[in-house]
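For reference, the structure is listed below as structure tokens.
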Amino acid sequence: MAIKILRGPTYFVMKVPAYGDYSSYIWSFVSRNVTDYEFDPKIKRYKFARNYIRYDKSSQYMYLPIEMLPLMQTYLDYGHLESEIGVLPASPTRDIELEIKPQFKDRTEKQTNAISYLINDPSPRRGLQLQTGVGKTYCSIRAIVGLHKAALIITSGLTEQWISEVQNFTNIGENEDDIYTLKEYTSLMRLFRSGRKPKVFVASLETLRAYMHGEGKYANLPCNFQEFFPHFGIGTKVMDEVHMNFHTTTQIDLRTRIPNNIYLTATFTKSDAGTKKIFDIIYPEKMRFGANDYKKYVIAYFIGYNLLISEKKCITPRGYSHARYEAQVMKTDRNFNFFYDQLILVMEMYFLPERKPGQKLLIFFHTIQMITLIVKRLKKQFPHLKVTEYIAETDEEVLNRYDIIVSTHKSCGTGKDIKKLKCVINTCSMKAEGLTIQVLGRLRELPGETPIYIDMYNAQMQSHVRHKDERFMIVAGKTLKINDFQLR
């Protein structure tokens, strides 16, 4: 008897009994192709981390990412198992009327082509990989307008920014009948009680994750997670920075049947080799619009300094820890003063002499404690400049009002557009390709100016040098010029 498979917009589903028949063969497919493993130093072997499926034990239905279907069919054929493919239709949608304000036009042909792709491509899954500053946000909002369906925008930490952008570009109203923020349980409960059906939702990824898993009070809402989307007629789903929350965004796709799904990122990549293998199947090259179109306008300098720090004290069972490294830098006045002097030397070489009024510097550290010490010292040394930290609860307005901004990758590494940003200094040792591209992407084109990216590393640390070499290769392909040298 043929195995029945139903194909939806973002997933396919098949019945897989817990035991017997072909179940062990299917679970073998899952373990080989849709499962992440991580190395456990305690037992010195790889163990299960997560898989990218959904399995309902009560119904015995298994849901898998739609891009895995050709691989599954080949696997079934190899095992001499017949399959029968049916269609699972998209969930009901609701039409909306929304317009772009007349003063906003496409700035470039890239934007026009991207918008056309997002609106007209027949595939229900459309990825947009545009260089930072080209206008992913604008293009996706134009697509929402052009698709004429109730929309859900999913983002992590940028709900207010997305609300502002939708209101800026379109004629949508400011009341909750038009645009609604889904953030925390109370926002969902209030929505259901109100009876509203807004045109556009902007949702916190963290809130949707809790809702999806039915955690705590979320289990008592009038609609469960899967019922929410047809109930509100969501016809367009926009997922922001999909490379950052790959597992959660995949799990959302495994629970929805939305006809138009837009995935935004500046880089469709993952640093871990095992995860990247799965990521590349779920987000194949064919759906990465704009991936090969990159304009170079930045000069990069990788600058080594020589500070004697015990590498062993910066290593955990999971590998190098930059938080531990910063703790060692802060441990003695000698270490901190040396590091600070090297930072100032770099600023005096590449930012302070060339700085024009209004131009800004963004410096990245890993820990709040390190940021606090650096900000305090910079304020004292440069009283004529406005220096601030930018961390979790800092008002975003400071990005426009201050000259030197000190932050973390998590707080300011993605999604932040800092006007007149002349220079970025990264002091954190990491090797993640996606994060490296995002940090470089904080620099936007400056008319008549060449933005500068600086990457500082400790040349005495093997981990730093190894990570630096990997970042160097990533940045080299995206900059006008690149140099690597050590301070004396």
Side-chain angles (χ1 to χ4, degrees), residues 1-38 45-91 123-125 208-215 218-219 223-230 237 239 242 245-259 261 263 270 272 274-284 287:
M1 187 173 68
I3 300 172
K4 292 183 178 179
I5 297 175
L6 291 177
R7 175 189 181 123
T10 56
Y11 66 79
F12 67 96
V13 58
M14 57 195 297
K15 191 152 191 173
V16 182
Y19 305 100
D21 297 331
Y22 53 87
S23 61
S24 61
Y25 190 69
I26 301 301
W27 281 109
S28 177
F29 173 90
V30 170
S31 65
R32 293 178 182 180
N33 298 285
V34 210
T35 301
D36 245 348
Y37 300 89
E38 59 184 19
R45 67 184 184 202
Y46 284 90
K47 65 178 185 179
F48 172 86
R50 66 194 66 81
N51 57 37
Y52 295 82
I53 69 162
R54 178 166 76 94
Y55 185 70
D56 188 322
K57 291 182 179 179
S58 60
S59 67
Q60 298 186 332
Y61 278 113
M62 180 183 288
Y63 302 77
L64 297 100
I66 191 62
E67 299 293 348
M68 289 282 177
L69 182 54
L71 196 61
M72 174 63 81
Q73 288 178 287
T74 301
Y75 189 75
L76 293 176
D77 290 343
Y78 183 79
H80 305 291
L81 294 169
E82 294 183 13
S83 60
E84 180 183 309
I85 309 294
V87 176
L88 192 61
S91 55
S123 171
R125 302 183 72 242
L208 289 192
R209 182 191 290 129
Y211 187 17
M212 177 172 65
H213 294 307
E215 298 171 355
Y218 289 93
C223 286
N224 66 31
F225 184 78
Q226 287 92 313
E227 295 167 342
F228 177 91
F229 302 91
K237 174 163 72 14
M239 288 189 175
V242 292
N245 296 282
F246 176 39
H247 187 258
T248 298
T249 54
T250 301
Q251 290 297 319
I252 290 173
D253 273 354
L254 294 174
R255 290 165 170 80
T256 58
R257 291 186 286 119
I258 296 168
N261 300 272
Y263 307 88
K270 299 295 291 182
D272 179 80
T275 307
K276 187 177 186 301
K277 177 185 173 184
I278 303 169
F279 189 87
D280 287 345
I281 296 173
I282 295 178
Y283 295 104
M287 64 170 286

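- The shortest heavy-atom contact between Lys277 and Arg32 is NZ-O, 3.7 Å.
- A pairwise comparison of heavy atoms in Ile282 and Phe246 identifies CD1-CZ, 3.7 Å as the closest pair.
- Tyr52 pairs with exactly one of Thr250, Asp36, Thr275, Asn33 by the side-chain hydrogen bond (donor to acceptor under 3.5 Å, both in side chains) rule, that one being Asp36.
- Applying the ring pair (Phe, Tyr, Trp, His ring centres under 6.0 Å) test to Tyr61 and every residue at least two apart in sequence or in another chain returns nothing.
- You'll find the side chain of Asn261 stays beyond 4.5 Å of the side chain of Met239, heavy atoms only.
- Within the structure, salt bridge (Lys or Arg N to Asp or Glu O under 4.0 Å) contacts touching residues 73-87 (residues at least two apart or in different chains) do not occur.
- You'll find the side chain of Ile258 stays beyond 4.5 Å of the side chain of Thr10, heavy atoms only.
- Rounded to the nearest 0.5 Å, atoms CG (Leu64) and CG (Asp253) are 12.5 Å apart.
- Interatomic distance, CE of Met72 versus OG of Ser83, reported as 9.5 Å (0.5 Å rounding).
- Met62 contributes atom CE, which lies 11.5 Å from atom CG of Asp56 (distance to the nearest 0.5 angstrom).
- Partners of Glu227 according to the salt bridge (Lys or Arg N to Asp or Glu O under 4.0 Å) rule, which considers only residues two or more places apart in sequence or in another chain, do not exist here.
- Side-chain contact between Phe29 and Ile53 is absent, with no heavy atoms from C-beta onward closer than 4.5 Å.
- With sequence neighbours left out, the side chain to side chain contact (heavy atoms under 4.5 Å, CB included) criterion links Lys57 to Tyr55.
- Side-chain contact between Tyr218 and Met212: absent, with no pair of heavy atoms (C-beta onward) separated by less than 4.5 Å.
- Taking all atoms of both residues into account, the shortest heavy-atom contact from Tyr283 to Val242 is OH-CB, 3.9 Å.
- Inter-residue side-chain proximity for Leu76 and Ile5 is flagged as met; some heavy-atom pair is nearer than 4.5 Å.
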Let's go through Val13 and Arg54 carefully: what are the C-alpha distance in whole Å and the side-chain angles of both, what is the deciding distance for side-chain contact (heavy atoms from CB on, under 4.5 Å) to 0.1 Å, and is it a yes or a no?
CA-CA 9 Å; Val13 58; Arg54 178 166 76 94; over 6 Å; no

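- Looking only at side-chain heavy atoms (C-beta outward), Phe229 and Cys223 stay at 4.5 Å or farther from each other.
- Looking at Met287 and Ser123, their side chains never come closer than 4.5 Å, going by heavy atoms from C-beta outward.
- Pairs of residues two or more places apart, or lying in two chains, never qualify as salt bridge (Lys or Arg N to Asp or Glu O under 4.0 Å) while including a residue from residues 1-20.
- In this structure, Ile278 and Val34 approach most closely via the heavy-atom pair CD1-C, 3.9 Å.
- Of all heavy-atom pairs between Pro17 and Ser23, the closest is O-CB, 2.8 Å.
- Every residue two or more places apart in sequence or in another chain that forms a ring pair (Phe, Tyr, Trp, His ring centres under 6.0 Å) with Tyr63 is listed here: Tyr11.
- Here the straight-line distance linking atom CE of Met68 with atom OH of Tyr75 works out to 13.0 Å at 0.5 Å rounding.
- Taking the ring axis of Tyr37 as reference, the NZ or CZ atom of Arg45 does not stay both within 45° of it and closer than 6.0 Å to the ring centre.
- Here the OH-NE2 distance, from Tyr25 to His80, works out to 8.0 Å after rounding to the nearest 0.5 Å.
- Considering all non-hydrogen atoms of both residues, Pro230 and Ser91 come closest at CB-CB, 4.1 Å.
- For the pair Arg125 and Tyr263, the distance from NZ or CZ to the six-membered ring centre is under 6.0 Å and the angle to the ring normal is within 45 degrees.
- Residue Phe48 qualifies as enclosed at atom CZ: its count of foreign heavy atoms under 6.0 Å is above 12.
- Side-chain contact between Leu208 and Phe225 is present, with heavy atoms from C-beta onward closer than 4.5 Å.
- With a 6.0 Å radius and a threshold of 12 heavy atoms from other residues, nucleotides or ligands, Tyr46 has its OH atom at or below the threshold.
- Once rounded to the nearest 0.5 Å, the distance linking CZ of Arg209 with CD of Gln251 reads 10.5 Å.
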